[in-house]
Amino acid sequence: MSTTKYIFVTGGVSSSLGKGIIAASLAKLLQARGYRVTIQKLDPYINVDPGTLNPYEHGECYVTDDGAETDLDLGHYERFLNVKTSQANNVTTGRIYQSVIEKERRGEFLGKTVQVVPHITNEIKERVQQLGSTGEYDIVITEIGGTVGDIESLPYIEAVRQLRWELGDDNALVIHLTLVPYLSAAGELKTKPTQHSVKTLMESGIKADILVCRTEHDLSDDLRNKLALFCNVKREAVIQSIDASTIYDVPNMMLEEGLDTVTLKKLGIQTTKEPDLTRWNEFLKRHKNPKGKVKIGLIGKYVELQDSYKSILESFIHAGAENEVSVDVKYIHSEYINKKNVEGKLKDLDAVLVAPGFGERGIEGKVEAVRYARENNLPFLGICLGMQMAVIEYSRNVLGIKDANSTEMNPQTPNPVINLMEDQKSITDMGGTMRLGAWKCDVKADSIIGRVYNESTIEERHRHRYEYNNKYKEQLEAAGMIATGVNPDTQLVEVVEIPEHPWFVGVQYHPEYKSTVASPHPLFVAFVKAAHEHAEKN
Ligand code: GLN
């Protein structure tokens with residue numbers, strides 16, 4: 001294809017309708033037909049990136065190879081497409097304004113008054129087209145965060161209107177995702193909210209080309225005709241998106257509804273190619289027909305909001321399918337674990353994962369969970385803060401350094417087995433200043449990770465300020481906790497293991513960011529396998 005085509009996905013009526021999943025599913029279908037596709041998310045909030053947001057606000061912060069702290073939808077894009085995203089795939093209002101203001105300070109606007117239209121909208125348009133201009137993609141799908149009619153999404157909607165006009169019908173289209181609610185008292189699905197939301201979009205000069213209707217019940221033919229007529233779209237462009245038992249069913253559901261064919265038709269792309277979803281459907285088959293079950297405890301302090309651990313949960317789904325078992329994740333709030341109740345909370349589990357996190361709250365509970373897993377030969381995976389807790393636990397309970405701690409929790413600790421990284425000491429700004437993105441790690445061959453990765457050097461993604469303190473390395477190793485993964489340039493310890501334990505691994509990096517349907521993360525696959533073996537034995 002010679003020119004890049006642009007698809008915009010907007011949302012109406014309500015938030016949380018699953019725009020990200022619809023965008024990812026359409027992308028999957030187009031990719032399965034042989035097109036090169038990427039997805040971008042534009043977020044209308046003023047934070048420069050979600051890195052400074054509490055997980056309770058916005059769910060997990062997803063990290064890309066190039067070290068961008070991004071919206072969790074980018075995780076879905078990578079998991080569905082198995083294609084890497086980068087900073088360019090996630091743009092916020094804060095970033096747009098920051099860039100425009102910097103240009104203004106440099107005098108780039110030549111004395112003009114800097115305004116939302118055209119300066120902010122131009123910046124948005126540039127960010128959208130920047131992905132297309134790389135020549136790497138046939139199709140760029142841009143998801144606009146928020147709901148039409150929101151004050152803060154107005155500049156984005158205006159930018160979409162302009163782009164749609166400039167690029168023309170064959171090169172750009174708008175998919176509008178809405179809700180068709182079911183009123184149980186009336187026993188009816190209602191189209192009025194959708195009509196209003198399409199009208200709101202029209203007031204901004206945008207006519208939706210395709211309607212995707214989120215619903216709990218099947219849309220009848222009559223209802224589809226009505227939606228088409230009142231919302232000004234072709235009948236074939238009314239697509240139903242019914243609640244699915246798993247997000248991984250959505251590409252097939254969209255295929256059945258013809259979302260990909262109507263999209264291609266509207267973009268003037270003639271094709272005889274059918275989507276090849278072989279690998280995807282193999283995964284689905286294994287995911288839906290498990291031969292066994294494992295129960296894994298997820299120890300964290302954001303367990304009330306599942307989105308906080310999105311990538312970990314999805315990694316378990318991929319790894320479960322690979323092992324042909326279902327992974328039952330039991331959330332355990334670290335704040336409420338103590339010496340007395342830890343056994344009661346953890347004894348029925350087949351494995352324990354101690355989650356990433358920041359700050360002091362819930363720390364002692366995490367240490368107790370590590371101790372329980374270590375002493376009871378329960379497979380253990382510690383991620384980032386979870387790995388740091390494993391080092392603290394070992395120092396306290398095996399080395400006997402009772403006051404061992406991280407300087408994050410106690411800056412005055414006499415035994416900082418986890419310490420602020422040297423280059424972090426001069427940093428005062430919180431946003432975008434952690435050790436982020438992909439870093440190399442040399443792998444010890446004779447170790448769990450050596451066998452799992454089967455490579456001597458790996459690259460994994462990071463997001464942390466504190467690190468294993470190498471001053472304690474000799475002591476820790478002599479006592480049985482071995483550093484099996486080390487950064488070749490800085491000697492930073494990336495992985496610890498306890499060879500005497502059946503399966504005990506702590507990783508400073510985040511393997512969960514790199515697990516995809518097509519390529520489940522080997523560490524999660526091995527961890528679930530270890531959990532399964534533990535379950536069979538007991
Ligand atoms: N708070 C720890 C640090 O900054 C761990 C971070 C994390 O778990 N992502 O090093």
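As the structure lists them, so they are numbered: ligands from 1, and atoms in each ligand from 1.
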(request) Indicate whether any N or O donor in one side chain lies under 3.5 Å from an N or O acceptor in the other, for E57 and Y45. (result) no
(request) State, without any angle test, whether N487 and T490 hold a side-chain donor-acceptor pair at a distance under 3.5 Å. (result) yes
(message) Does K293, at its NZ atom, have more than 12 non-hydrogen atoms belonging to other residues, nucleotides or ligands within less than 6.0 Å?
(response) no
(request) Would you mind checking if R396 and E393 are paired as a salt bridge, meaning a charged N to carboxylate O distance below 4.0 Å? (result) no
(request) Tell me the residues surrounding ligand 1, counting only those with a heavy atom closer than 4.0 angstrom, sorted by chain and number. (result) P356, G357, F358, C384, L385, Q388, E408, R463, H464, R465, Y466, H510
(message) Test of understanding: with side chain to side chain contact (heavy atoms under 4.5 Å, CB included), list the residues that count as partners of N470, not counting sequence neighbours.
(response) Y468, K473, Q491, V493
(message) Consider side chain to side chain contact (heavy atoms under 4.5 Å, CB included). Of I247, V517, L26, which one does F80 pass it with?
(response) I247
